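If you're wondering where the values come from, they're calculated on a predicted model, not measured in any experiment.
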Amino acid sequence: MRVLIGGGSGFVGRELTRLLRNKGHEVTVISRQPGPGKITWSDLESKGLPPCEGAVNLAGENVMNPLRWWNESYKKDLFSSRIDTTKALSEAIAAAASPPHCWVLVSGVACYKPSLTADYTENSEWTPFDLLSRLVKEWEAAALLPQSVAKTTRQVIVRPGAVLGRDGGAMKQMLLPFWLGLGGTLGSGSQPFPWIHVSDLAGIIVHALEAPTDSAPSPQVYNGVAPALNTNYEFTKELGRLMRRPTIFPVPAFAMNALMGSERAVILTQGQRVVPERTLESGFQYQYPDLTSALKQIIGS
């Protein structure tokens, strides 16, 4: 299978590319910079979709970028980097003489309203309630294909939680304070913490790409989270235990709000109990279904 990946040079994209190539698939990455095995976003717009059987979009400015202050310019970049690239790909797919069999958008669980009690499956209904949920709504809407194309191109949306891995994602910023013994719960610690190991997120995407083609007018949604339903407290204590470090320095919610901006801090100080119901029903086998196995692989213990 030939697979085109928007944003393929990022943290998840590198893992997805590795997995696809290991399985014998051919990968072309859409990137800002040209190079071997790459095309640019301007190439996509000017020359159209290169021949491919699968297309994936992972592009988007990092929401948790510690080097960016939470302001209007940053918020605008968060929206445009996701929506413009998704629209560019969906329009190229719709215009292609031979569109791919499967089109996968990777969005996020921010669509689900934070709650300590509600369980969200892929069938849960939701409406936008804050900035990040509005982003998911517009992002997923930009991926929709015309009905005529959706008859032959299967549309898939994967909504991941915090993506954990050795060389990027949420763990990159967490490991140093934990090694220094400065780790602790965020906010109350009782908030749900939906997470997934980067290898499993890549696996879900490949699982969707390789599934038999069946047409449907609306996208099939997979919650890209581990089946373990953990809280921030459980995550913090398990990471501290495996690293043999104390976790006695909680970070109060007001400090997170001041440091990151309240609209962004909500990702860490609040959370959702997200259940991968359809992901499990589809037969996907997790490599890291629980925190202990995932964290051991990441920190090499």
query = Is the distance between the ring centroids of Phe235 and Tyr233 under 6.0 Å?
reply =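 No, they do not, as the ring centres are separated by 6.0 Å or more.
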A side-chain contact here means heavy atoms from C-beta on lying under 4.5 Å apart; do [X] and [Y] qualify?
X	Y	value
Leu164	Tyr288	no
Ile5	Thr28	no
Glu263	Leu132	no
Thr185	Val251	no
Leu49	Leu89	yes
Cys52	Val3	no
Val104	Cys102	yes
Pro160	Val109	no

Same hydrophobic cluster for [X] and [Y], using side-chain heavy-atom links shorter than 4.5 Å among ILVMFWY?
X	Y	value
Ile267	Leu259	yes
Ile248	Leu182	yes
Trp41	Ile83	no
Val106	Leu209	yes
Val63	Val163	no

Does a donor on one side chain and an acceptor on the other come within less than 3.5 Å for [X] and [Y]?
X	Y	answer
Thr247	Lys237	yes
Ser115	Gln272	no
Thr86	Asn57	yes
Glu122	Thr279	yes
Gln287	Ser199	no
Asn123	Arg278	yes

request  = Carefully, step by step, assess Arg68 and Ser73 under the rule side-chain contact (heavy atoms from CB on, under 4.5 Å).
outcome  = CA-CA 10 Å; Arg68 294 289 303 265; Ser73 165; 3.9 Å; yes
Just how far is it from atom [atom1] of [X] to atom [atom2] of [Y], taken to the nearest 0.5 Å?
X	Y	atom1	atom2	value
Gln155	Gln220	CD	CD	11.0 Å
Asp84	Glu45	CG	CD	8.5 Å
Glu15	Leu201	CD	CG	9.0 Å
Thr17	Leu58	OG1	CG	8.5 Å
Glu72	Asp77	CD	CG	11.5 Å
Phe249	Leu180	CZ	CG	10.5 Å

Test your reading of the model: is there a side-chain donor-acceptor pair from [X] to the backbone of [Y], 3.5 Å cut-off?
X	Y	result
Ser124	Thr121	yes
Arg14	Asp167	yes
Asn232	Gln191	no
His25	Met1	yes
Arg166	Gln297	yes
Glu234	Thr231	yes
Arg245	Gly181	no
Trp103	Ala143	yes
Asp200	Gly203	no
Asn223	Val274	no

request  = Please test Leu242 against Lys296 for side-chain contact (heavy atoms from CB on, under 4.5 Å), starting from the C-alpha separation and ending with a verdict.
outcome  = CA-CA 7 Å; Leu242 292 170; Lys296 276 186 172 179; 3.9 Å; yes
request  = Evaluate the criterion salt bridge (Lys or Arg N to Asp or Glu O under 4.0 Å) for residue pair Lys38 and Asp43; output intermediate values, then yes/no.
outcome  = CA-CA 10 Å; Lys38 293 181 178 180; Asp43 290 337; over 6 Å; no
inquiry  = Between Thr292 and Glu238, does the side-chain hydrogen bond (donor to acceptor under 3.5 Å, both in side chains) criterion hold? Intermediate values first, please.
reply    = CA-CA 7 Å; Thr292 305; Glu238 186 60 9; 2.9 Å; yes
Search all heavy atoms of [X] against all heavy atoms of [Y] and return the closest pair with its distance.
X	Y	result
Pro289	Ala226	O-CB, 3.9 Å
Thr236	Gly184	CG2-C, 3.5 Å
Ala59	Thr85	CB-OG1, 3.7 Å
Pro227	Leu280	CB-CD1, 4.3 Å
Trp70	Gly261	CD1-CA, 4.0 Å
Cys111	Val136	CB-CG1, 3.8 Å

task = Quick one: do Trp126 and Lys137 satisfy side-chain contact (heavy atoms from CB on, under 4.5 Å)? Show the steps, please.
result = CA-CA 10 Å; Trp126 61 280; Lys137 190 78 174 176; 3.6 Å; yes
key: Greater than 12 external heavy atoms within 6.0 Å of Gln173's CD   =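 For Gln173, atom CD is crowded (more than 12 foreign heavy atoms under 6.0 Å).
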inquiry  = Tell me whether Lys75 at atom NZ has more than 12 heavy atoms from other residues, nucleotides or ligands lying less than 6.0 Å away.
reply    =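 Counting other residues, nucleotides and ligands, NZ of Lys75 exceeds 12 neighbours.
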ask   = After noting the C-alpha distance and the side-chain angles of Val27 and Leu4, does the key distance pass the side-chain contact (heavy atoms from CB on, under 4.5 Å) rule?
value = CA-CA 6 Å; Val27 176; Leu4 182 68; over 6 Å; no
query = Mind checking whether His207 and Tyr222 have parallel, tilted or perpendicular rings, split at 30° and 60°?
reply =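 It falls in the perpendicular class, over 60°.
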query = Should Glu138 and Arg82 count as an ion pair when the cut-off is N to O under 4.0 Å?
reply =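 The answer is no: the pair does not qualify as a salt bridge.
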request  = For the pair Glu26 and Arg2, evaluate salt bridge (Lys or Arg N to Asp or Glu O under 4.0 Å) and give the outcome as yes or no after the intermediate values.
outcome  = CA-CA 5 Å; Glu26 188 182 310; Arg2 292 167 296 182; 5.5 Å; no
request  = Show your working on side-chain hydrogen bond (donor to acceptor under 3.5 Å, both in side chains) between Arg159 and Tyr112 and close with a plain yes or no.
outcome  = CA-CA 10 Å; Arg159 293 179 183 148; Tyr112 305 124; 2.8 Å; yes
query = Between Lys87 and Trp139, is NZ or CZ placed under 6.0 angstrom from the six-membered ring centre and within 45° of the ring axis?
reply =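 Cation-pi check for Lys87 and Trp139: fails.
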